[in-house]
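What you are looking at is a predicted structure, and each value in this text was computed from that prediction instead of being measured.
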Amino acid sequence: MKMRESKVLQKLRAGQTASCFKVNIADAVSTEIAAMSGFDCVWVDQEHLAQNWSVYSAHVWASKAHNMDLMVRIPRGSYSDYVKPLELDATGILVPHVMGVEDAKKIIEMTRFYPIGRRAMDGGSADGAYTNMDFHEYLADANKQRFVVFQIEDVEALDELDQIAELEGFDMLFFGPGDFSQSIGKPGDWTNPILLDARKKVAEVARKHGKFAATTGGIGMLDEFKDMGYQFINVGADVVGMSAYCNGLISQFNKSVALAGSGLESYK
């Protein structure tokens, strides 16, 4: 029995661009809809959302049913917080607020098996097919087919960005514009020159050292991101789409009700 190959890594290693969609809603229907629509990956969140492990397990099942990858943004806690999503058979983890090279080294040690790191070893979970995989193939495939992403979202991380990118054992540098804008004292200033320069630098440094560049933004920025060298791009979220849909519906509803109440409806 083989570990399922990562669709994202397959595309990135072929020089292609991979799509991602962020899911906040607990019900895995959102993940399944994204998968059925053709996204390469869904990103679920443990850093900000209070959902239990059964919820994340359901999202993993929904993604696997349609051969889509699933990435979990983990909380910064113990080593178990890093490896449990992988043991549920999530395809990758996104580690927030990577601050420097020593921080990055510790993450690699916790999330990669020998000879790269010293990840806690089990093999009896979903990613090891509940012991149905050859043990040594399991270790090798977990290092090769599961991705680790470092989120660069603090100005301090730029000082050691080259040293971070040189490390073996992770796959992507992910530029996070939201917290980065806060770290420079300009929350929400998306056109600030420091932020724009940092976004370009992350992509340049990632490619320079053979890593993939990842980020998030509106679909209208897709071509700009690709031109910078970004290959893994999150372009939407379930709560954004549902909010826009509900706001549009209620706006149209309220206009219709107001028109009818004014007595003008009869002249249409």
Side-chain angles (χ1 to χ4, degrees), residues 6 8-9 12-13 15 17-18 20 43 46-47 71-83 85-86 91-120 139-140 142-186 192-217 225-234:
S6 165
V8 165
L9 289 177
L12 297 184
R13 289 166 179 167
T17 304
C20 186
W43 157 21
Q46 288 184 311
E47 183 189 17
M71 176 176 73
V72 180
R73 180 161 63 180
I74 64 165
R76 295 301 301 263
S78 73
Y79 77 89
S80 294
D81 294 303
Y82 291 75
V83 301
L86 297 172
T91 329
I93 59 170
L94 174 61
V95 183
H97 295 287
V98 177
M99 301 297 287
V101 67
E102 292 304 317
D103 189 20
K105 287 178 180 179
K106 291 176 183 177
I107 296 164
I108 292 168
E109 183 177 32
M110 289 188 290
T111 57
R112 294 301 196 190
F113 290 123
Y114 178 87
I116 301 170
R118 296 180 62 181
R119 172 182 157 182
L139 300 186
N143 282 349
K144 184 179 180 182
Q145 293 298 335
R146 297 296 175 260
F147 53 85
V148 175
V149 186
F150 291 166
Q151 195 159 13
I152 305 300
E153 49 187 343
D154 301 275
V155 68
E156 294 88 347
L158 299 182
D159 293 337
E160 297 184 334
L161 193 61
D162 271 285
Q163 296 96 310
I164 293 170
E166 287 175 345
L167 297 173
E168 179 187 4
F170 81 99
D171 304 278
M172 298 184 226
L173 291 176
F174 188 115
F175 180 69
D179 278 342
F180 188 87
S181 73
Q182 181 172 238
S183 79
I184 61 173
K186 300 290 183 181
N192 186 280
I194 299 174
L195 186 149
L196 297 180
D197 287 345
R199 177 181 280 142
K200 291 178 182 178
K201 182 176 181 179
V202 169
E204 290 170 357
V205 171
R207 295 171 68 85
K208 173 183 172 184
H209 295 286
K211 303 301 192 298
F212 302 112
T215 194
T216 184
F225 291 155
K226 288 167 58 181
D227 289 343
M228 288 184 200
Y230 284 98
Q231 284 182 257
F232 180 89
I233 305 169
N234 188 92

*Asks:* Can you tell me how the ring of F150 sits relative to the ring of F170, calling it parallel under 30°, perpendicular over 60° and tilted otherwise?
*Replies:* parallel

*Asks:* Within the 4.5 Å heavy-atom criterion, are V149 and F212 side-chain neighbours or not?
*Replies:* no

*Asks:* Look up atom CD1 in I93 and atom CH2 in W43, then write down how far apart they are to the nearest 0.5 Å.
*Replies:* 14.0 Å

*Asks:* Can you see which heavy atom on F225 is nearest to which on G217, and at what distance?
*Replies:* CE1-CA, 3.8 Å

*Asks:* What's the separation between atom OG1 in T215 and atom CZ in F232, rounded to the nearest 0.5 Å?
*Replies:*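 Reported to 0.5 Å precision, the distance equals 10.5 Å.
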
*Asks:* Determine yes or no for a side-chain-to-main-chain donor-acceptor pair under 3.5 angstrom, with D171 supplying the side chain and V148 the backbone.
*Replies:* yes

*Asks:* Under the side chain to side chain contact (heavy atoms under 4.5 Å, CB included) rule, collect the residues that match up with A198, sequence neighbours excluded.
*Replies:*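 Partners of A198 by the side chain to side chain contact (heavy atoms under 4.5 Å, CB included) criterion, ordered by chain and then number, come out as L158, F175, F180.
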
*Asks:* Which atom pair, heavy atoms only, marks the closest approach of A104 to I164?
*Replies:*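 Answer, listing the atom of A104 first, then I164: CB-CG2, 4.1 Å.
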
*Asks:* Provide the closest heavy-atom pair for Y230 versus V202 in the form atom of the first, atom of the second, distance.
*Replies:* OH-CB, 3.7 Å

*Asks:* About how many Å separate CZ of F147 and CG of L94, when rounded to the nearest 0.5 Å?
*Replies:*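 Going from CG on L94 over to CZ on F147, the span is 9.0 Å.
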
*Asks:* How close do R76 and I107 get, heavy atom to heavy atom, and via which atoms?
*Replies:* NH2-CD1, 3.9 Å

*Asks:* Tell me, with the steps shown, if Q151 and D179 meet side chain to side chain contact (heavy atoms under 4.5 Å, CB included).
*Replies:* CA-CA 10 Å; Q151 195 159 13; D179 278 342; over 6 Å; no

*Asks:* What distance separates R112 CZ from L139 CG, expressed to the nearest 0.5 Å?
*Replies:*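 So the CZ of R112 and the CG of L139 are separated by 12.5 Å.
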
*Asks:* Please list all pairs passing the ring pair (Phe, Tyr, Trp, His ring centres under 6.0 Å) test where one or both residues lie in residues 94-117, with sequence neighbours left out.
*Replies:* F113-Y138

*Asks:* How long is the straight-line distance from NZ of K186 back to CD1 of I194, given to the nearest 0.5 Å?
*Replies:*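 It is 8.0 Å, given to the nearest 0.5 Å.
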
*Asks:* Please check if the side chain of D103 supplies one atom and the backbone of G100 the other of a donor-acceptor pair under 3.5 Å.
*Replies:* no

*Asks:* Determine yes or no for a side-chain-to-main-chain donor-acceptor pair under 3.5 angstrom, with K211 supplying the side chain and L167 the backbone.
*Replies:* yes

*Asks:* Restricting to side chain to side chain contact (heavy atoms under 4.5 Å, CB included), what partner residues turn up for E160, sequence neighbours left out?
*Replies:*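 E160: side chain to side chain contact (heavy atoms under 4.5 Å, CB included) contacts with V101, Q163.
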
*Asks:* Before you tell me yes or no, could you show the steps for V95 and F174 under side chain to side chain contact (heavy atoms under 4.5 Å, CB included), namely the whole-Å CA-CA distance, both residues' side-chain angles and the distance that decides it to 0.1 Å?
*Replies:* CA-CA 9 Å; V95 183; F174 188 115; over 6 Å; no

*Asks:* What's the spacing between Q46 CD and R73 CZ if we round to 0.5 Å?
*Replies:*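 Taking CD in Q46 and CZ in R73, the distance rounds to 11.0 Å.
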
*Asks:* Restricting to side chain to side chain contact (heavy atoms under 4.5 Å, CB included), what partner residues turn up for E156, sequence neighbours left out?
*Replies:*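 Only M99, D154 meet the side chain to side chain contact (heavy atoms under 4.5 Å, CB included) criterion with E156.
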
*Asks:* Are K144 and L9 packed together at the side-chain level, in the sense that at least one heavy-atom pair is separated by less than 4.5 angstrom?
*Replies:*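 Result no, sub-4.5 Å side-chain heavy-atom pair not found.
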
*Asks:* Any side-chain heavy atom of M71 within less than 4.5 Å of one from V8?
*Replies:*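 Side-chain contact under 4.5 Å: no.
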
*Asks:* What pair of heavy atoms forms the shortest contact from S6 to R146, and how long is it?
*Replies:* N-NH1, 4.3 Å

*Asks:* Determine whether a donor-acceptor pair (N or O, by modelled atom type, separation under 3.5 Å) exists between the side chain of S183 and the backbone of V155.
*Replies:* yes

*Asks:* Is there any salt bridge (charged side-chain N to carboxylate O under 4.0 Å, His left out) pair reaching into residues 198-208, and which pairs are they, with sequence neighbours excluded?
*Replies:*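 Non-adjacent pairs meeting salt bridge (charged side-chain N to carboxylate O under 4.0 Å, His left out): D162-K208.
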
*Asks:* Can you give me the closest heavy-atom contact between Y82 and I74, atom names plus distance?
*Replies:* CD2-CD1, 3.2 Å

*Asks:* Looking at residues at least two apart in the chain, or sitting in another chain, which of them share a side chain to side chain contact (heavy atoms under 4.5 Å, CB included) with R118?
*Replies:* E109

